[in-house]
4 protein chains.
Amino acid sequence: MPGTPLSSPPTRFAYLGPEGTFAEAALSTVVAPSEGARYPQPSVAAALAAVRSGDADAALVPLENSVEGSVPATMDGLADGALLVIGREVFLPVTMALVSRPGVALSDVRSLASHPHALAQSARWLSANLPGVSPLPATSTAAAAAAVAAGEFDAAVCAPIAAQRYGLATLVDDIADHAGAVTRFVLVAPPGELPPPTGNDKTSLVAVVGDRTGALLELLGEFAVRGISLTRIESRPTRERLGVYSFSLDCEGHIADARVGEALAALHRVCDDVRFLGSYPRADGRENKPVPATAGDPAFAEAAQWLGAIRGTTPS
Amino acid sequence: MPGTPLSSPPTRFAYLGPEGTFAEAALSTVVAPSEGARYPQPSVAAALAAVRSGDADAALVPLENSVEGSVPATMDGLADGALLVIGREVFLPVTMALVSRPGVALSDVRSLASHPHALAQSARWLSANLPGVSPLPATSTAAAAAAVAAGEFDAAVCAPIAAQRYGLATLVDDIADHAGAVTRFVLVAPPGELPPPTGNDKTSLVAVVGDRTGALLELLGEFAVRGISLTRIESRPTRERLGVYSFSLDCEGHIADARVGEALAALHRVCDDVRFLGSYPRADGRENKPVPATAGDPAFAEAAQWLGAIRGTTPS
Amino acid sequence: MPGTPLSSPPTRFAYLGPEGTFAEAALSTVVAPSEGARYPQPSVAAALAAVRSGDADAALVPLENSVEGSVPATMDGLADGALLVIGREVFLPVTMALVSRPGVALSDVRSLASHPHALAQSARWLSANLPGVSPLPATSTAAAAAAVAAGEFDAAVCAPIAAQRYGLATLVDDIADHAGAVTRFVLVAPPGELPPPTGNDKTSLVAVVGDRTGALLELLGEFAVRGISLTRIESRPTRERLGVYSFSLDCEGHIADARVGEALAALHRVCDDVRFLGSYPRADGRENKPVPATAGDPAFAEAAQWLGAIRGTTPS
Amino acid sequence: MPGTPLSSPPTRFAYLGPEGTFAEAALSTVVAPSEGARYPQPSVAAALAAVRSGDADAALVPLENSVEGSVPATMDGLADGALLVIGREVFLPVTMALVSRPGVALSDVRSLASHPHALAQSARWLSANLPGVSPLPATSTAAAAAAVAAGEFDAAVCAPIAAQRYGLATLVDDIADHAGAVTRFVLVAPPGELPPPTGNDKTSLVAVVGDRTGALLELLGEFAVRGISLTRIESRPTRERLGVYSFSLDCEGHIADARVGEALAALHRVCDDVRFLGSYPRADGRENKPVPATAGDPAFAEAAQWLGAIRGTTPS
């Protein structure tokens, strides 16, 4: 990676490598190859570290997967260490292709490799269609594809992008047992200018609360009284401090929205700790629930003016 | 009443008359006779109207009584019509004295008068100590005292102040059946400068909400999430609109406090209507509950600064 | 009153007298004169005491008035002392009639009397239509009517029933300043069989809670989580114990309803004290809000069966 | 596996294999080798299926890991399909040992294999202490140990139990980067007799709610109003139905406790679906929070008796 950090927009992108993984496919939907340099990293931690050290401007990392669940390395990597903020989310269908060298037929396949997760997610298809082949583990789906290209195995289970990258042919397009699996990636960068509100945004945060009965209820109450819907909540153990819980949350709305800002300020007051992880356009193809008229920015503005007049700080 | 309204401080005080009632006694604790002119009014409505018309600067009216409950004429008189704001509350012990002309002994009493409320509140004492005397109704305790001075009756049940005012002697000091009865009066005036926070204040308001299950719970939730205690709540029927409820509330704290201001602004957003009725020093001899550190002004200020930094509107 | 208490149904009724008051009119809507003996009492306390002593089977007393607000003597009389339970509520329009002896015309009226409350509630009409007449106080509207019959005054402001009872003629039908005023009476008796649920019932109770921030919110939460609407709530000071609040509540539903029973049992656990004051048919001409399917008796029964099966106490 | 299912207690245990994994170590803490037959399974799904088909009496599967987070295969495997109930939880410290054939020294290690998760969790140690060795993936830590025993690699990162089982020597005891990592396993079986309450129990469930703002808050309110603490909460996407959320929860207490039973019955009413996943002794070495007196079984029993007396169904 070049040593000189560039100013915005980001042009140097770290991602969970190696080349040819789903993360690279997700990154391609965010930025064209001509618009930025891409630096595959061996782990989520390494990708985040590259941004924190200034070696990269942004990192694309997986946050959750509809089959495998949340990605603790990303959750914890964002919750701790120097602050990184999500500026964009990307949903990528997880299409597992069976690939081989050009000219190889399905009936020719005698050996097969992939990352254990990919093997697990296509186990049913493999045992039905390649019953005599024992799948072998690889460190990544892309590494398996590379090994196929190098002639070490006959076939690999990998992302379609890996076939292109390693000059392989696709034997079967989509062999995942669960059709419709999706991975959610996030593009994170050091704090800076926030993406402007689009009217269909999400906000992510981590809140740490003491282990009192009702503490979570109080936390959620701060959203509910302001008409804000949550789209994800997870309790995360905090290894360091016994009896302290950490919640990872996504809510609808942008921190520039009055209701979201007031809710986060309230959490900042009542929680042991709150880390704002970004406001960014919602990208899962769904629409936020309609904001009640009583919770919209005009209602907040009007109420602030009313209060100011009463307090005598504003001419009434 | 003179026609020229004076600027603050108020010097022309309307009160629930006639002279010699508990309201005048309460007013005397607020302002010395030399500091203001006093105008007794025939009813609470008349006292409030005098302020609204500009004929008086302020009015002292009863809000609730520990025996008789709240005073609907005051509740409704403040909830409707031009806005009047409470600047002060006064708690007056309701001491019912038995008075007569000088020289008359208890054994000489053959006739007795007072306002029906006062007769009701001393009924047990009267039937035990003056069993042969049928109490007669008067339009006010002071009117009864005046009638005793005029020789129409032998004795009256009235406020101690009435004895002084009409030159009567006190036969028995305190004949109320419930010792310790207290009336809470409020001094109301047109909106203007609010009394500054003292650290032990109350705020009064009226909130109108639709008749939905949980509407009151939501209303109270706006106080609870901000650590604010209520000291009084009453549902009042709204005659005008079927299915709409009005709540009369007192809470701890001053509208200048961040938590109270944010709560009232929230009510302004979510309720059908909110009327702010004033913030004023608590005068019932009790202390507000300690404000949690998470709800104090410094916590709000720090949270606002944190939010501003995140939003990029404040240098971080 | 006869000394032998009869078994149910009640046949001896105490009420807030004297004869010819609104309370007697309300009682007439509950029981025909031929079906029970009526005993007017000098005060609410006396009416309740008559039931507690066994001298009467039931008492009809006013609970709240749309103009005057709640009746503290009834509120407190039911909250303290031996338990009495509401079996019925009656709403009576408060029609203030101007009455005089037959043959007297409005223009003949030179003197006028009534209870101060009635005078207050028709003050505007009186000053507009009888400007030269100074109203005089009486101990009750019925006493004023009796005095008119006796020739002491020319006219009285009283309930229509008083005109009938004292052989008077009605000069003007309804002179109340606020049209549509209504008084809510309740028929109370010692605990016994409850009125069966009708599908449109109310339940009344008094709950005493410690003076903690959020105590009321918790109390209301017990209703809200079970889908129960409140129709009235009032905080009442508890004179005896500083820092303890008493709430007088009416909710929709009957204690035989699963949701109401569970809510009251919950209050019994979490409050310092709960007094059940009865479940009875709603009589204000309005319908309870529809009960959500999740809060109806079938839902509770089905959930109890599900729980029993899981716990292994019921064959599944 | 033998074909004849035995009655309780379970004697045939499926677990996430292969032999020598952490799951087998966890199983050893639950049942001695002499007390049951153990059947390693290739996946969580297979282990659960073995119980559902009757081929095994119970299965021991991982539920969450303090480093890797929750195990979606177990979460989803318990949430869907025929009901299985947790009867026991086991917490196993995740100690990563570096093992090799007897006689091999750390300085002799030239090749190394393990499951990618284990490699990831000891990556820092490996790069510091075996900088010249490229770790190779294996399908499980136990498979890596077996491969070392077979001479395919010099060393493996695996559970201590694998060293015993494959006759290997431990080079370094604990090389995990995060000391103190713990995996929580659960022993699941078809519904039957529940473990009796111990006073320090947990209850697990899955609740499915519609996608309304505040739906989660209502769900949590059912626990909070009954004084029940949650120890874990996770939102899980429901792939099948758009706009429907599934929450996986653990709370303190046993379903035989009145408060827990009433809370679960309430969820059964208000949620789209609730699946009870068991009540079992808490095994993480921590104590449940003290139950408030108002939420204990005696308080519920007393309240039920009070309610019964009022309703007239119980002699009072």
Side-chain angles (χ1 to χ4, degrees), chain C residues 83 85 191-194 196-197 203 205 210 217-227 254-272 274-279 292-313 316, chain D residues 83 85 191-194 196-197 203 205 210 217-227 254-272 274-279 292-313 316:
Chain C
L83 183 61
V85 176
E193 213 172 326
L194 296 173
T203 294
L205 63 139
L217 195 71
E218 284 173 31
L219 191 160
L220 299 185
E222 300 287 359
F223 290 96
V225 297
R226 295 172 181 96
H254 192 286
I255 196 171
D257 297 334
R259 67 189 173 286
V260 178
E262 193 182 284
L264 264 70
L267 294 185
H268 183 79
R269 283 189 288 108
V270 303
C271 293
D272 290 4
V274 175
R275 177 174 278 209
F276 169 71
L277 291 182
S279 290
T294 57
D297 277 9
F300 270 87
E302 206 271 319
Q305 192 173 14
W306 173 84
L307 179 62
I310 284 175
R311 281 177 167 169
T313 59
S316 61
Chain D
L83 183 60
V85 177
E193 213 173 327
L194 296 173
T203 293
L205 63 138
L217 195 70
E218 285 173 30
L219 191 160
L220 299 186
E222 299 288 0
F223 291 96
V225 298
R226 295 171 180 97
H254 192 285
I255 196 172
D257 296 333
R259 68 189 173 285
V260 178
E262 193 182 285
L264 263 71
L267 295 185
H268 183 79
R269 283 188 289 107
V270 303
C271 294
D272 290 4
V274 175
R275 177 174 278 209
F276 169 71
L277 290 182
S279 290
T294 57
D297 277 9
F300 270 87
E302 206 271 320
Q305 192 172 12
W306 173 84
L307 179 62
I310 285 175
R311 282 176 166 170
T313 59
S316 60

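Chain A is the first sequence line, chain B the second, and so forth, proteins listed ahead of strands; every chain is numbered from 1.
Heavy atoms of C:Leu194 lying under 4.5 Å from chain D belong exclusively to its side chain. Residue C:Val274 touches chain D through both its backbone and its side chain, counting heavy-atom pairs closer than 4.5 Å. No part of C:Ala301 comes within reach of chain D, as not one of its non-hydrogen atoms sits under 4.5 angstrom from that chain.
Chain D forms more heavy-atom pairs under 4.5 Å with one residue of C:His268, C:Arg226, C:Glu222 than with any other, namely C:His268. The greatest number of non-hydrogen atom pairs below 4.5 Å with chain D, out of C:Ala295, C:Ala256, C:Pro191, C:Cys271, is found for C:Ala256.
Contacts of C:Arg269 classified as salt bridge (charged side-chain N to carboxylate O under 4.0 Å, His left out), with partners at least two apart in sequence or in another chain: none. Taking the ring pair (Phe, Tyr, Trp, His ring centres under 6.0 Å) definition, one finds that C:His254 meets it with nothing, sequence neighbours left out.
Atom-to-atom distance recorded for D:Thr294:OG1 and C:Asp272:CG is 10.5 Å, nearest 0.5 angstrom. Note that the OG1 atom of D:Thr203 and the CD1 atom of C:Ile310 stand 10.0 Å from one another [nearest 0.5 Å].
The two residues C:Leu307 and D:Glu262 have their closest heavy-atom pair at CD2-N, 4.4 Å. Residues C:Ala265 and D:Ala303 share a closest heavy-atom pair of O-CB, 3.4 Å.
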